[in-house]
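The analysis underlying the following values was restricted to heavy atoms, covering all of them including side chains, and did not include hydrogens, waters or symmetry mates. Below, chains carry the letters A, B, ... as their sequence lines are ordered, and counting in each starts from 1.
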Amino acid sequence: MLLKLKEDLKQSVQAAYDVTMDDNAIILSPTKKEFNGDYTFVVFPLVKTLKNNPQVIAETIGNEMVKSSELVDGFNVVKGFLNLSLTSIFWDALLNDVSKSDFGIQSPNGKKMMVEFSSPNTNKPLHLGHIRNILLGWSISQIAEANGYEAIKTQIINDRGIAVCKSMISWQKFGKGETPQSTGIKGDHFVGKYYVQFEKAFQEEYKDWQKGEGQNVYTENRKEAEGAEAFFKRYKNQYFNEFSKIGKETKAMLIKWESGDEETVALWEKMNNWVYEGFEKTYQALGVSFDSINYESETYLLGKATVEKGLKEGLFYKKDDGSVWVDLEDAGMDHKIILRSDGTSVYMTQDLGTAQMRYEKFGIDSMIYTVADEQDYHFKVLFEILKRLGEPYADQLHHLSYGMVDLTTGKMKSREGTVVDADDLVVDVFEAAKKSSTERGGLEGMEEKEKDKIYNKIGLAALKYFIIKINPRKRMTFDPNESVDMQGTTGPYIQNAYVRIQSVLRKVKQSGFNEVPFKGEITYNNLDKEILVMMESYPSVIAEALEKYDPSVVANYCYTLAKSFHRYYHDNVILDTENPKVSSYRINLATSLGKLLAKGMKLLGIEMPDYM
RNA sequence: GGCCCCGUAGCUCAGCUGGAUAGAGCAACUGACUUCUAAUCAGUAGGUCCCAGGUUCGAAUCCUGGCGGGGUCACCA
């Protein structure tokens, strides 16, 4: 309906000035509350071409519109702002638009967009950082689908390497044959426990060494005025590689794994499967799933052929030691290694190969990598190299970069055990929702099982919304108390708007009220108009969210819509059998608004309860 | 040090590709539930939009230079 208004505006300009406006130059925005009118047209951009003062132009166009458009019945001009007042024809039609069952659903555009997110290591359980990643990735995939794309959700699991071997060695040494089944510990936590135990054992070994042999190494290798503590902190990796007994065992295991040693591979598979079972439970609890999973054990050799190809084409160069590099200085970057001197892959090699594999396998048109912002440079380089290789999808790659999650007590560090566990968090928010709901008593008389489902929806809404409402680019501080807030700008606040609507609709049904036609017979007040305008903007909101790769756009939209509804609900009686026309209209509005809220929140991975 | 990101109310954050008097929530204070769910609503108070220049009818927004915070510059991932 807004299109029609724009068209009328365009024609009015044509009629008054004989100038054809470019469609996307016609910017109509909702009029600010402080002024009279419904939509505002800013005439400043026209001043130059029309060579007249803004006041005159605005009045001329305004007059023309009142005369020729059935949608406009008045206007006022403040400086260069033309505020148009619209007729009920417009509002009737707008309500009609937003009430359609397919409103806000884009028809498929035939394009495939792959979204990579989560991508954990198999040596420890998922934590708060993964949750931000997962929510962003999941949400952007939903938003892509809402915009007509076919989204393919994927993750690449880091299931190999030295870290994974640490857990394996540790379990061999200290596990005494324990399993997740025998201990009742969730698989990923179980393996994580041994990873932690490895670190502990290693630290003890390191400490002992520092008192003996390490002393000589310290005096020989320390920097000027470097204390023992600082030195040994810096030297840790080197110790692991050169002196550590447990380190040697771990490296030996990695080599055995790479050579395909049966026993090692069997242990590796057994332990990874424990982890996958655990991950699966966490994903289920968070309500996310994947369409395709890559394992590094299967992709880490990819990309070597590409390096060869690039070498032949002169895109890369080989150093004397045999390592392969790419020179990106002309693009403002530096030289980057893409193959080690011993011919083994680095991360970049694998990423090049995996991108090509995904393109070939799925025929994707574009890809989004959901990875924390510490890897900004890596992806800049990756995309540049793919571009130079002439990959057809190279300009359709995007890094959905997000800031790290800090705690109120400081940074999360797995080494220091300050991470917030994902599973714990899900339990915490459930409990908080339960407590809150019980205090309010809105679910009394319901079966426990049903109640639990609702607590879960509310708790997850609080947690998810708390994280997803923040612009991904920004580093965020996770305050556990605020994450379970249920008032104000929160998930439960939005759910509550929806629940109130469902409650009214139940009442309507019970009362046996029959809806009657109302078009052309009701007057729209300011809040009616505000809400309709907002609802109308939904398609452009989800388009913007995808364009900016930013789900928080949708989160903020849902909040504003819920807020308006809460006020509407407070100020207006929706079911009023004395006024069937107005009631019919309001029921219509509330129904559509409820659906829209649910639709928007679904894009964030948040479900709506019918009661709360 | 080079490059990238961030800086808006006491706190957490919005502010769309430049538009009218910069907005929410939390925290504080005041009111509103025998009426469709008060997880709500209405109100009070709270601002050098980090600083300084520049671009123009108009700058929180764009440009330049600073300041502060974070990240990154490995034959790690």
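When distances are taken from the side chain of A:Lys507 to each of B:U72, B:A20, B:C36, the shortest belongs to B:C36. Side-chain proximity of A:Lys548 to B:G15, B:A20, B:A39: nearest is B:G15. Nearest to the side-chain atoms of A:Asp376 among the listed nucleotides B:A20, B:G19, B:C4 stands B:C4. Here the side chain of A:His570 is nearest to one of B:C41, B:C16, B:A20, namely B:C41. Distance from the side chain of A:Lys563 is smallest to B:C41 among B:C41, B:A39, B:A14. For A:Asn556, counting side-chain heavy atoms from C-beta on, the closest listed nucleotide (B:A42, B:A39, B:A14) is B:A14. For A:Thr489, the listed nucleotide lying nearest its side chain is B:G25; candidates were B:G25, B:C36, B:U40. Side-chain atoms of A:Glu374 lie closest to B:G71 of the nucleotides B:G71, B:C5, B:A77. Here the side chain of A:Val42 is nearest to one of B:A42, B:G19, B:U40, namely B:G19.
A cation-pi arrangement is absent between A:Lys434 and A:Tyr455, since the terminal nitrogen or guanidinium carbon is not both under 6.0 Å from the aromatic centre and inside a 45° cone about the axis. A:Lys336 forms no cation-pi arrangement with A:Trp325, by the criterion of a distance under 6.0 Å to the ring centre and an angle within 45° of the ring axis. Judged by a 6.0 Å distance limit and a 45° cone about the ring axis, A:Lys6 is not positioned over the six-membered ring of A:Phe41. The side-chain tip of A:Arg132 does not point at the ring of A:Phe478 from less than 6.0 angstrom away and within 45° of straight on.
Look at B:U17: it lacks any Watson-Crick or wobble partner with both distances under 3.5 angstrom. Look at B:A60: it lacks any Watson-Crick or wobble partner with both distances under 3.5 angstrom. Within the shown strands, nothing qualifies as a pairing partner of B:G46 under the Watson-Crick or G-U definition with both distances less than 3.5 Å. Partner assigned to B:A32 is B:U40, using Watson-Crick or G-U wobble distances below 3.5 angstrom. Applying the Watson-Crick and G-U wobble criteria (two distances, each under 3.5 Å), B:G2 pairs with B:U72.
Among the atoms of the strands shown, base atoms are found under 4.0 Å from some heavy atom of A:Phe81. Within the 4.0 angstrom heavy-atom criterion, only backbone atoms of the sugar-phosphate kind lie near A:Glu296; the bases stay farther away. Using a 4.0 Å heavy-atom cutoff across all strands shown, A:Asp334 reaches sugar-phosphate atoms only and no base atom. Among the atoms of the strands shown, only primed sugar atoms or phosphate atoms (P, OP1, OP2) are found under 4.0 Å from some heavy atom of A:Lys411. Residue A:Leu505 is out of contact with every strand shown, counting any heavy-atom pair closer than 4.0 Å. Residue contacts for A:Asp576: at a heavy-atom cut-off of 4.0 Å it reaches no nucleic acid atom on any strand shown. A:Val573 comes within contact range of at least one nucleobase, with a heavy-atom separation under 4.0 Å. A:Asn572 comes within 4.0 angstrom of a base, heavy atoms only. Counting any heavy atom pair closer than 4.0 Å across all strands shown, A:Ser437 reaches a base atom. Contact annotation for A:Asn53: no contact, since no heavy-atom pair falls under 4.0 Å across all strands.
Comparing A:Ser552 and A:Asp571 along RNA chain B, the residue whose closest nucleotide (by nearest heavy atom) sits nearer the 5' end is A:Ser552. Comparing A:Asn471 and A:Tyr569 along RNA chain B, the residue whose closest nucleotide (by nearest heavy atom) sits nearer the 5' end is A:Asn471.
Comparing the C1' positions of B:C51 and B:G68 gives an interatomic distance of 11 Å, to the nearest angstrom. Here, B:C36 and B:U44 have their P atoms 29 Å apart, quoted to the whole Å. Nucleotides B:G25 and B:C62, compared at atom P, are 27 Å apart to the nearest Å. Atom C1' of B:U34 sits at a distance of 24 Å from the matching atom of B:U30, rounded to the whole Å. Distance noted for atom P between B:G2 and B:A60: 29 Å (whole Å). Nucleotides B:C57 and B:G18 place their P atoms 15 Å apart, quoted to the nearest Å. Taking the P atom of each, B:G46 and B:A9 are spaced 15 Å apart, rounded to whole Å. Comparing the P positions of B:C50 and B:A32 gives an interatomic distance of 40 Å, to the nearest angstrom.
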* Walk me through it: do A:Tyr317 and A:His335 pass the test ring-ring contact (aromatic ring centres under 6.0 Å, His included)? => CA-CA 10 Å; A:Tyr317 66 94; A:His335 292 245; 5.8 Å; yes
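Spacing between atom CD of A:Gln375 and atom P of B:C4 amounts to 19 Å, rounded to whole angstrom units. Between the OH atom of A:Tyr557 and the C1' atom of B:C16 there is a distance of 14 Å, rounded to whole Å. The NE2-P distance, from A:His399 to B:A77, rounds to 17 Å in whole Å. Atom CG of A:Asp351 and atom C1' of B:A77 are 10 Å apart (whole Å). A:Asp479 has its CG atom 15 Å from the P atom of B:C26, to the nearest Å. Rounded to a whole Å, the CZ atom of A:Phe379 is 14 Å from the C1' atom of B:U72. Counting to the nearest Å, the P atom of B:C76 and the NZ atom of A:Lys251 are 12 Å from each other. In this structure, the CE atom of A:Met404 is 10 Å from the C1' atom of B:G70, given to the nearest Å.
Nucleotide B:C51 is shown with an anti base, its glycosidic torsion being more than 90° from 0.
Put simply, the side chain of A:Thr40 and the base of B:A20 share a donor and an acceptor less than 3.5 Å apart. Interface remark: the A:Asn83 side chain does form a donor-acceptor pair with the B:A20 base, using a distance-only criterion of under 3.5 Å.
For the residue pair A:Asn133 and A:Tyr402, a side-chain donor N or O sits within less than 3.5 Å of a side-chain acceptor on the partner. A:Asp159 and A:Ser297 are linked by a side-chain donor-acceptor pair at a separation below 3.5 angstrom, with hydrogens and angles left out of the test.
For the OP1/OP2 pair of B:A39 and a distance below 4.0 Å, the side-chain nitrogens and oxygens of A:Arg440 include at least one atom meeting the criterion. Using a 4.0 Å cut-off, no side-chain N or O of A:Tyr559 falls inside it from OP1 or OP2 of B:G15. The side chain of A:Lys79 contributes no N or O atom lying less than 4.0 Å from OP1 or OP2 of B:A20. For B:G71, neither phosphate oxygen OP1 nor OP2 lies less than 4.0 angstrom from any side-chain nitrogen or oxygen of A:Arg475.
Distance alone, capped at 3.5 Å, places no donor-acceptor pair between the A:Asp576 side chain and the A:Ser583 backbone. A donor-acceptor contact shorter than 3.5 Å links the side chain of A:Thr349 to the backbone of A:Val346.
A salt bridge is defined here as a Lys NZ or Arg NE, NH1 or NH2 lying under 4.0 Å from an Asp or Glu carboxylate O, and A:Asp406 with A:Arg475 meets this definition. By the 4.0 Å N-to-carboxylate-O rule, A:Lys79 lies too far from A:Glu59 to be salt-bridged with it.
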What N/O pairs connect the protein and nucleotides 7-12 of chain B at under 3.5 Å? Give each pair on its own line.
{"residue": "B:G7", "atom": "OP1", "partner": "A:Lys474", "partner atom": "NZ", "Å": "3.2"}

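Residues A:Phe202 and A:Phe240 place their aromatic rings such that the two centres sit under 6.0 Å apart.
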